Each structure stands twice: as C-alpha cells, then as structure tokens.
Amino acid sequence: MQMKFVVKKACCSGGRVGALELGSCPKPIETPALLLSTRKGLPHFIAPDLLTSLPFPDSHLLQISPLHFLEGLASTTISKIGGLHQMLSLHQYGIAAVARDSIQCLPESKGATKLGPSFETPCGRLSINPKDYVEMISCMRPNIWATLADEVPAWVSEKRNKTSVDRTVRWLDDCLALNPAAGSVFGAVVGGPNFDERKRCALEVAKRNVSGYWIGGFGLGERIEERPALLSAIIDVLPDEKPRMISGLGLPEEILEGIDAGIDLFDSTYVYCLTLGGFALTFSLDKGGNQYDFQRCQVQRDLTKINLRAKVYSKDMSPILGNCTCYTCRNHTKAYINHLFNVHEMLAQTLLEIHNTHHYLMFFRVIREAIKDGRFKKFRMTFIESRRVHQETEADCA
C-alpha cells in the first residue's frame, strides 16, 4: 500500500492538520508529526519492547539514515531478510529514510562533487552517488525516502549555492530514472539562505513526479530571522496536497515556526541531544501556550528542562513531572535516575529518552489541537513570549 496524505484542516493564521496513511501503520498518523531519531532503525536508547510504552500512533514514525548501515550488514543481506521492517521486527511502524541525520551523518559541502554528496560519518568521509543510494533504498524498503541533496552552509558563495541547487535537481532526476522498487519518494529542496534559489529549487522539484517534499539545508548557519522568509519562498510554490518534511529544526520555537509555515513532518534530533546531556523536558503543555508563573523568581531553576545529573535531585523522590503519564514518570523518581547517571548505567538514558520522547509527542498533540480549534497563532505567540520572559527572569535572578 502506497502512502496516502490528506489535509484535514488548514488554519488561515498558520499551520495545518493532516492524516498520513502508511501501509505498515495500523492507524493514520496525524500531522504535524515528529519522526523519532534512530540509530540503525531504533531510537538511540529505547529498547524495542519499550517502544510500545510511547503514545500511539504518534510514535510510529521513525527516521533512519541508510548510511548508518554501511558499517554493518550489507544492503543485499537486509534485502534477503525482507527489508528493515522485517529485520527490526517493526511491522507496524513507518520508516522514513533521509541520508542526513544531523548527528553522525553530517553533510560535507567541500567533499561533494557532481557525482554525489559527501557526508562525515563514523566510518570517515563518504561520498555516495544516486545509483548506490537507490540500491540501498530498494534493499531497505522504507515507507518514505528523500532523494539526495547537496546541502551547503549559509556562508558559501552564490555560485556554490546555485551549483548545489543544480546538483540536487539533477540527482532527483537520476533517482527517479532508476525507478526504485520501494517507498514514496520525497524530492529534496535546497538553496541555502538565498530566497530566489530556494524558490527555484522548489519550483523544479514540484514539476517532478514525487509523493512529497523534503526540505534540507536548515540548521547549517542561516540566521534565525531569515527562516520565515526562506520557508515561505519554498512553501508558497509547493502543492498543498502533498506532505512536507524538514530536517534541521528541533527546538520548540523552531517547530512552531515550521508548522506556521506549513511543514507537516519534522526529522529532529532534539530529544536525543537533551537525553545525552542528562536533561529532562519539563515545559508546560498548557493548551493556551502559557508556560510559567512569572511572579516567582526561582534562582537557578530552568522550568523548560532540568538536569537530572545535578546533585540537588539525589534525594528527590518525585517523578520528573507529576502530571506526566509516561512510563518513566509512572514508575521512577528523579533520585533513581540521578543515581543511575552517577553509576554510569545506560538505563538512565533509556528512562530519560522515554520521558523526553513522550513529552515532545504530547507537545505536537497540543499543537494539533490548537490548529483544529483555530487558535494556533495565539498559542504560538503566547508560548514563545512566555518562554522569552521566563529566560529573562532567570537571567535577572542568576
């Protein structure tokens, strides 16, 4: 069964709610949605038997980088097994393949050539051409896959930026011509910080027979104030009936910015980075967007997240969040997780990633409700303003 996507509601003040159907998923997944970052097909710290503790069906979208598998099983072996779904026993999950993963497979613009893009990986710098890439995709059989892109940082020359667009469109044609026997193709859109190049690339990709769009080149040095115009230059020329996925936006404010522009799927490593640092998400999921009580000045207390490695939690017998329904908060305390960090037990990251993933998925659920109720613009403004005021208050108290 091929991917199906339908827009259920588009809000005039920004954002839209859709439903994504994938053959492997038992229920449609509502968008805007988060793709869980993985390492070789599984979340970095969550074991397969604990995946079911995450919200359903929100958690059933996984992002993989085909390049991760270059240091393990050969693609032909994965194909003989029956593809990634069969190999990982994740028969009811949707898998989206993107070459870049923002942690271990970073785009390297200096190493790219007309033959294919270059990536910095744990195996060293790797170049990959469309033919090899499509062969990997055909063996792994993901539900969705993004074509190769020549992503460049914001500081490259205009000539290099133009070249990146030309190469990306050419590689898209090469991938389509190879007629891969797997998944729905998402055409890559790049263009760096140049509005005209972004629009040119989006127009060219929109002409091709693709199922959706993957927007790359963000999180590579562009100025934050430039993003809304860059996103608008892309979204304004893409057809509304096809889904849009993006990499490089992860912070809550960035997610809201992307949703406001019309993005449907977010490939983000934010949860992984927080978990690796020992941080737990604690910001409010208030439906109105309001986050904090500004009348109280809590010295050295960040209400957006807490560091569970800190000694202050060594005797704290409360859960991370009292009203959280995740597996971690229902069964364990801050003191226990702090202890696990102190004795270097990986279970600390496992419990923490479960909480952070659950919390961020609930954040997306609250956003979808705000769009359905026609109050997304107000929600976004309140959320961002309350976090800004809180950060200023914390700075004054420090």
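Bear in mind that the values here come from a model prediction, so they are computed numbers and not experimental data.
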A.B. asks: Check for a donor-acceptor pair, side chain of Lys334 on one end and backbone N or O of Pro319 on the other, with a separation under 3.5 Å.
C.D. replies: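 Checked: pair present.
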A.B. asks: Would the distance check show the side chain of Trp171 and the main-chain N or O of Lys114 forming a donor-acceptor pair, the cut-off being under 3.5 Å?
C.D. replies: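 Yes; at least one donor-acceptor contact below 3.5 Å.
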A.B. asks: Please output the side-chain donor-acceptor pairs of residues 68-78 that fall under 3.5 Å, not counting sequence neighbours, one pair per line with the distance.
C.D. replies:
from, atom 1, to, atom 2, distance (Å)
His68, ND1, Lys40, N, 3.4
His68, NE2, Asp101, OD2, 2.6
Glu71, OE2, Arg39, NH2, 2.1

A.B. asks: For Asp173, is there an ion pair with Lys207 - N to carboxylate O distance below 4.0 angstrom?
C.D. replies: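 No, no charged N to carboxylate O under 4.0 Å.
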A.B. asks: Any idea which heavy atoms bring Pro55 and Ser59 closest together, and the distance?
C.D. replies: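 That closest heavy-atom pairing would be O-OG, 2.8 Å.
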A.B. asks: Give a yes or no on whether the backbone of Glu254 and the side-chain of Glu257 come within a donor-acceptor separation of less than 3.5 Å.
C.D. replies: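 A pair under 3.5 Å: no.
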A.B. asks: Look at the side chain of Arg141 and the backbone N and O of Ile137, then say whether any donor-acceptor pair between them is shorter than 3.5 Å.
C.D. replies: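 Absent.
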A.B. asks: Rounded to the nearest 0.5 Å, what separates atom NE2 in His60 from atom CG in Asn143?
C.D. replies: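 Interatomic distance, His60 NE2 to Asn143 CG, rounded to 0.5 Å: 12.5 Å.
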A.B. asks: Would you call the rings of Tyr360 and Phe364 parallel, tilted or perpendicular, where under 30° means parallel and over 60° means perpendicular?
C.D. replies: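 Answer is perpendicular, since the angle exceeds 60°.
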A.B. asks: To the nearest 0.5 Å, what is the distance between OG1 (Thr31) and CG (Leu34)?
C.D. replies: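 That separation rounds to 12.5 Å.
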A.B. asks: Sort out for me which residue in Lys372, Arg365, Arg16, Lys9 forms a salt bridge (charged side-chain N to carboxylate O under 4.0 Å, His left out) with Glu30.
C.D. replies: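 Testing Glu30 for a salt bridge (charged side-chain N to carboxylate O under 4.0 Å, His left out) against Lys372, Arg365, Arg16, Lys9 leaves exactly one candidate, Lys372.
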A.B. asks: Do Arg368 and Phe379 form a cation-pi contact, if we require the NZ or CZ to be under 6.0 Å from the six-membered ring centre and within 45 degrees of the ring's axis?
C.D. replies: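 Output no; distance or angle outside limits.
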A.B. asks: Whether Lys305 engages the ring of Phe279 as a cation-pi pair (distance to the six-membered ring centre under 6.0 angstrom, angle to the ring normal within 45°) should be assessed.
C.D. replies: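 Yes, cation above the ring, under 6.0 Å and within 45°.
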